[in-house]
Amino acid sequence: MADLPILQFEETIMKAVEENTVVVIIGETGSGKSTQLSQILHRRGYTKSGIVGVTQPRRVAAVSVARRVSQELGVRLGDEVGYAIRFEDRTSERTRIKYLTDGVLLRESLSNPELDEYSVVILDEAHERSLNTDILLGLMKRLVKRRASNFKVLITSATLDDEKVSQFFSECPVVRVPGKLFPVEIVYSHERPVSYLESSLATALDIHMKEGEGDVLIFMTGQDDIDKLVSKLEDRVRSLEEGSCMDAIILPLHGSLQPEMQVRVFGPRPPNCRRFIVATNIAETSLTVDGVVYVIDSGYVKQRQYNPSTGMYSLDVVQISKVQAHQRAGRAGRTRPGKCYRLYPSAVYEDEFLDVTIPEIQRSSLAGSVLYLKSLDLPDIDILKFDFLDSPSPESLQDALKQLYLIDAIDENGLITRIGKTMAELPLEPSLSRTLMEANEHGCLSQALTVAAMLSAETTLLPGRSKNTEKKRKHDYLDLPDGSGWGDHIQLLQIYECWHQTNYDIDWCKDYQLQVRGMKFVKDVRRQLSQIMQKIAKGPLDVQTSRRWKESQQDYHNLRRALCVGYANQLAERMVYHNGYRTLGFKPQVVQVHPSSVLKPDDEGKLPDYVVYQELIATSRPYLRTVCAVNIAWVTPILDKVNKININKLSGGIGRIEEHTEENMSDLPKTDNVVAAVPDDHESKIQAARERFLARKGKK
DNA sequence: GAGCACTGC
């Protein structure tokens, strides 16, 4: 601890903090910023007037850093040093240093917008630019003006991005702290690879034959490629084994792996052995593998992005940014000098890579964030003019306003309604919050709570793809409830009610190949949502889980109607002659129900005329994922409302944009309007690169 | 009849 670089900069940092309200700290990996900044401030008396809060983008980081700081200070975790993450608040009245996820701090500022109890807020890992961090950056900018006398903000960022952050906070000072990384030699390819999978394989084998001890970390874009490379490596390494003096272990590493499998990567390595870890970008930030000396960087990442004109998400393989390339290379220099093999020429890196990753706020639907900001009810806040470090496009903001209007969260003038105010209290996306409120009015809250909780964890519930699981399963999927013909939301409800009937039996989950961790998470979420609903709704509520879905032939009429009200912005109408659907409310898209849906055609071979959907996502084709049949009688009033939308009025009469031309109606994400309004060399370079990227996408 | 990168309240 004593040799952490940041401690040599204590005086510099404290001078900057004393003379300024906001300070940017640039600290590379190993500088000790996450554990030491809070302790320095503590030593210098900043915890006397309030709490020093440190935000982290991830839960595990908040917990592990808090634990280490409490050890270093020799106090019990939860006393002077504590943490707060969802479902777990380990703080007390004595807590002076508090680690928390940025999502938790946003929740706190909902009930206490001035954040009175904090004397300092440190936004750690701000360069990752998570949606929540970006919202917090905007809120902090406003807050430091109001609480200038007794409030400090520290922001940690990466080297390539610090000037912009400093400019955002009125040219606040930047303190640079060196990291403790070892030098990493960068090796570029001479030309672009024909197949980055084959290039990764060749490079990995080359390292194994020619280089000294040390593990190899290979960045791939997805599970399919990981599996392919793992099996190819196993074949090839075995045939090489006689020529090599080292054994090889090949390990996949991605988010869909059970945590127990992920842990294998972190165990002790057998002697005279080299591990190949084939990973997604989970290994970029979330997980750190010790012993890595060689990194193979394909230069690509799979990224999710949102198109506000169609309401559609897509998952695309895109080039990484320079910041990401730097981060990946850094993974090779943690324990000793390393090497990073970039499977692309240096000219490609220089000319094509964006300097920084496009922030999440420019790649997501903003309905939830806009509702959150509106609910803060700050007198001087105007959403379309909210001061973001990087503004979302006007289209994206207007899309959010339109969605919120359709579900009654804001009125026709863009002002938050009482319904909207209550919705914002719920840690759910607006569609589900609205569904809960409607369900509460119509006596089906307990069912809606279950659906909302199941959807909060849906991706981690169903079994991961694996060839061996088929045989082990005692029951077929047919034994699981099937949604009684109404669709996936109803199926999720029925599954949970079955589990409830078994008194939450873990073995039942295992028999049905439902992920135990996921189901437990659902139970936690459901409990949390019930508590919040009981607090914010007046009078007693029925939140008990029903035990008898099987005995009654119910049609879930009220629940489906509540879903229709909540998902008024995610409606689709079946085409007349086939089972394709046309989305309503957005620029119409022809889409299919995802094959994984339980919704099946009736005796006449037809799907329901109208459905609401949880997600519209383009993978190989555009699909509706997680759908529920609804009645036309519920849809008609919504369509009337859609037709009457006056976006100009919704935006408060400002930020009006010109009518769309044919050209503007393309399917490509539009993120450049705001950027174009701020002529600036750095920005225009980003925009140019983005346009190249979009042009490439357009071709395929 | 196809498949999903990663987080978080």
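Letters A, B, ... are given to chains in the order of the sequence lines, protein chains preceding strands, and every chain is numbered from 1.
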Distance in angstrom units between A/Q324 CD and B/dT7 C1', rounded: 14 Å
Proximity to the side chain of A/P427 - top-ranked nucleotide from B/dG1, B/dT7, B/dC9: B/dC9
Phosphate OP1/OP2 of B/dC6: any A/T280 side-chain N/O under 4.0 Å: yes
Nearest-Å distance for atom pair NZ/P, residues A/K600 and B/dG1: 10 Å
Nucleotide of B/dA2, B/dG8, B/dC6 approaching A/H254 most closely (side-chain heavy atoms): B/dC6
Closest to the A/Q223 side chain, choosing from B/dA5, B/dA2, B/dC6: B/dA5
A/E284 CD to B/dT7 P, straight-line distance once rounded to whole Å: 12 Å
Options B/dC9, B/dC6, B/dA5, nucleotide nearest the side-chain atoms of A/R304: B/dA5
Residues forming a side-chain hydrogen bond (donor to acceptor under 3.5 Å, both in side chains) with A/H594, sequence neighbours excluded: A/S596
Aromatic contact, A/F353 with A/H326 (centres under 6.0 Å): no
Touch class at under 4.0 angstrom, heavy-atom based, for A/V301 against every strand present: nothing
Partner residues of A/S38 under the side-chain hydrogen bond (donor to acceptor under 3.5 Å, both in side chains) criterion, sequence neighbours left out: A/Y99
For atom OH of A/Y313 and atom P of B/dC6, their distance in whole Å: 16 Å
Sugar-phosphate, base or nothing in reach of A/T619, heavy atoms under 4.0 Å: sugar-phosphate
NZ/A/K421: more than 12 non-hydrogen atoms of other groups inside 6.0 Å: yes
Side chain of A/Y623 (C-beta onward), nearest among B/dA5, B/dC6, B/dA2: B/dA2
Value in whole Å for how far the C1' atom of B/dC9 lies from CZ of A/R58: 16 Å
Sugar-phosphate only, base, or nothing, as touched by A/I85 at under 4.0 Å among non-hydrogen atoms: sugar-phosphate
Sugar-phosphate only, base, or nothing, as touched by A/R107 at under 4.0 Å among non-hydrogen atoms: base
Contact under 4.0 Å: A/S456 side-chain N or O vs B/dC9 OP1/OP2: no
Interatomic distance where NZ belongs to A/K302 and C1' belongs to B/dT7 [whole Å]: 17 Å
Sugar-phosphate only, base, or nothing, as touched by A/N281 at under 4.0 Å among non-hydrogen atoms: sugar-phosphate
Closest to the A/I282 side chain, choosing from B/dA2, B/dA5, B/dT7: B/dT7
A/Q319 and A/E352 side chains, donor-acceptor separation under 3.5 Å: yes
Distance test, side-chain N/O of A/R59 to OP1/OP2 of B/dC9, below 4.0 Å: yes
Rounded distance in Å - CD1 (A/I361) to P (B/dG8): 18 Å
Atom pair distance, as rounded to whole Å: CG in A/L131 and P in B/dG8: 13 Å
Side chain A/S364, main chain A/L366, donor-acceptor under 3.5 Å: no
